[in-house]
Amino acid sequence: MRIFLVVFLALNLQGYRGAGVNIAQLGTASQVDDYGSHFSATNAVDGNNKFSLSITSSQGTDAWWKLTLPSVYFVDGIVIYARVDCCTYRLHGATVYVGSELAGTVNYQQGQTVYPFSDLGLKGSEIKIINGAKDAPGATDSYKLLSLLEVEIYGFKIGKFRIKLFKVRAVAVLDLSSMLYL
């Protein structure tokens with residue numbers, strides 16, 4: 001008597017930051033206003049975390065940036081890049097939301113220009129960053145413009161998942177004939 005074991009393998013599950021899926025470019029970026037024509041909201045999701053900036057002319061908590069996704073997504077990670085040429089402290093106290101849920105608050109640290117928020121487990125179709133109202137330690141000016149170099153959103157679309165199943169035949173063959181007489 002031979003018994004064939006059938007093994008199913010679930011593959012191709014794509015997910016969050018660990019899988020490297022940045023969904024920011026799938027959405028539409030907007031902000032309260034532009035500091036100038038070269039500082040639009042779309043600069044924060046153009047994939048360039050070196051040069052292009054998104055800057056509002058509104059200040060304090062009146063300044064916001066928003067990304068609207070085409071549908072509801074599971075968001076597990078957000079990475080915010082602050083400008084590196086100056087004024088990195090302007091992000092201090094900025095709050096980050098996925099839908100209406102708080103994902104985190106930027107706590108400025110001198111020399112830090114990348115602010116990751118991970119293991120969020122939130123869902124929504126809108127990511128919003130609202131500028132902070134606090135003066136950061138080491139601030140050299142009183143401007144509270146919202147300045148973003150880049151925003152990365154890691155997650156996946158909520159809905160039907162297509163899982164590819166592969167059937168493996170004859171992974172193991174067991175001969176149980178000697179055990180039948182016990």
Side-chain angles (χ1 to χ4, degrees), residues 16-17 20-118 120-158:
Y16 54 97
R17 184 173 169 81
V21 181
N22 180 1
I23 59 174
Q25 292 182 346
L26 300 176
T28 303
S30 60
Q31 59 191 23
V32 62
D33 49 28
D34 298 339
Y35 184 72
S37 61
H38 299 293
F39 301 112
S40 69
T42 57
N43 289 348
V45 291
D46 63 2
N48 182 349
N49 63 6
K50 303 286 186 229
F51 302 110
S52 62
L53 291 167
S54 165
I55 305 175
T56 65
S57 60
S58 293
Q59 299 187 39
T61 55
D62 291 333
W64 55 264
W65 178 92
K66 177 172 66 172
L67 182 72
T68 304
L69 295 166
S71 62
V72 176
Y73 281 74
F74 175 82
V75 177
D76 198 48
I78 298 173
V79 181
I80 299 174
Y81 293 82
R83 62 187 296 178
V84 295
D85 59 337
C86 77
C87 321
T88 55
Y89 51 80
R90 289 184 181 163
L91 275 177
H92 182 67
T95 51
V96 183
Y97 292 88
V98 176
S100 61
E101 297 290 324
L102 179 65
T105 302
V106 174
N107 184 21
Y108 170 74
Q109 300 294 318
Q110 188 171 359
Q112 184 176 355
T113 58
V114 180
Y115 295 92
F117 301 90
S118 58
L120 298 176
L122 300 173
K123 65 180 179 175
S125 60
E126 181 180 285
I127 289 79
K128 192 169 188 177
I129 300 171
I130 301 173
N131 204 19
K134 302 177 190 174
D135 285 330
T140 58
D141 62 36
S142 61
Y143 294 111
K144 293 298 293 174
L145 308 171
L146 179 58
S147 302
L148 301 168
L149 180 59
E150 190 72 15
V151 179
E152 297 172 348
I153 313 295
Y154 292 92
F156 57 88
K157 186 176 179 180
I158 294 178

Less than 4.5 Å apart, side chain to side chain, heavy atoms only: is that true for Asn22 and Tyr154? yes
I need the minimum non-hydrogen distance between Gly27 and Pro70, along with the two atoms involved. CA-CD, 4.4 Å
First locate atom OH of Tyr35, then atom OG of Ser147, and finally report the distance between them rounded to the nearest 0.5 Å. 9.0 Å
Residues that Glu126 engages under salt bridge (charged side-chain N to carboxylate O under 4.0 Å, His left out), provided they are two or more places apart: Lys66
Measuring from Phe51:CZ to Asn49:CG, what's the distance to the nearest 0.5 Å? 9.5 Å
The salt bridge (charged side-chain N to carboxylate O under 4.0 Å, His left out) partners of Lys128 (sequence neighbours excluded) come to none
What's the shortest heavy-atom distance between Ala82 and Leu91, and which atoms? CB-CD1, 3.5 Å
Any heavy-atom pair between the side chains of Ile130 and Tyr97 that's under 4.5 Å? yes
Start with the C-alpha distance between Ile78 and Ile129, add both sets of side-chain angles, then the distance that settles side-chain contact (heavy atoms from CB on, under 4.5 Å), and finish with yes or no. CA-CA 11 Å; Ile78 298 173; Ile129 300 171; 5.8 Å; no
Leu148 side, atom CG; Arg90 side, atom CZ - distance, nearest 0.5 Å: 12.0 Å
So, does Asn131 use its side chain to make a donor-acceptor pair with the main chain of Gln59 at under 3.5 Å? no
Quick one: does Tyr115's side chain get under 4.5 Å of Val96's, heavy atoms only? no
Working to the nearest 0.5 angstrom, can you tell me the gap between Lys123 NZ and Lys157 NZ? 14.5 Å
Calculate, to the nearest 0.5 Å, the distance between atoms CG and OG belonging to Leu149 and Ser54 respectively. 10.0 Å
Taking all non-hydrogen atoms of both residues, which atom of Ala41 and which atom of Ala29 are closest, and how far apart? O-CB, 3.6 Å
Does Phe117 reach the side chain of Val106, with side-chain heavy atoms less than 4.5 Å apart? yes
In this structure, CG of Leu26 is separated from CG of Leu67 (nearest 0.5 Å) by 8.5 Å
Report the C-alpha separation of Val45 and Trp65 in whole Å, then their side-chain angles, then the decisive distance to 0.1 Å, and conclude whether the side-chain contact (heavy atoms from CB on, under 4.5 Å) test is met. CA-CA 11 Å; Val45 291; Trp65 178 92; 3.8 Å; yes
Looking only at non-hydrogen atoms, find the nearest pair between Gly47 and Glu150 and report the distance. N-OE2, 2.8 Å
Pair Tyr108, Thr88 - check side-chain contact (heavy atoms from CB on, under 4.5 Å), show working. CA-CA 8 Å; Tyr108 170 74; Thr88 55; 3.4 Å; yes
So, using side-chain contact (heavy atoms from CB on, under 4.5 Å) as the criterion, who are the partners of Thr56 when residues are at least two apart? Gln31, Val32, Asp33, Ala63, Leu146
Within a strict 4.5 Å, meaning less than it, do heavy atoms of the Thr105 and Asn107 side chains meet? no
Given side-chain contact (heavy atoms from CB on, under 4.5 Å), test Arg83 with Ile55 step by step and report yes or no. CA-CA 10 Å; Arg83 62 187 296 178; Ile55 305 175; 3.7 Å; yes
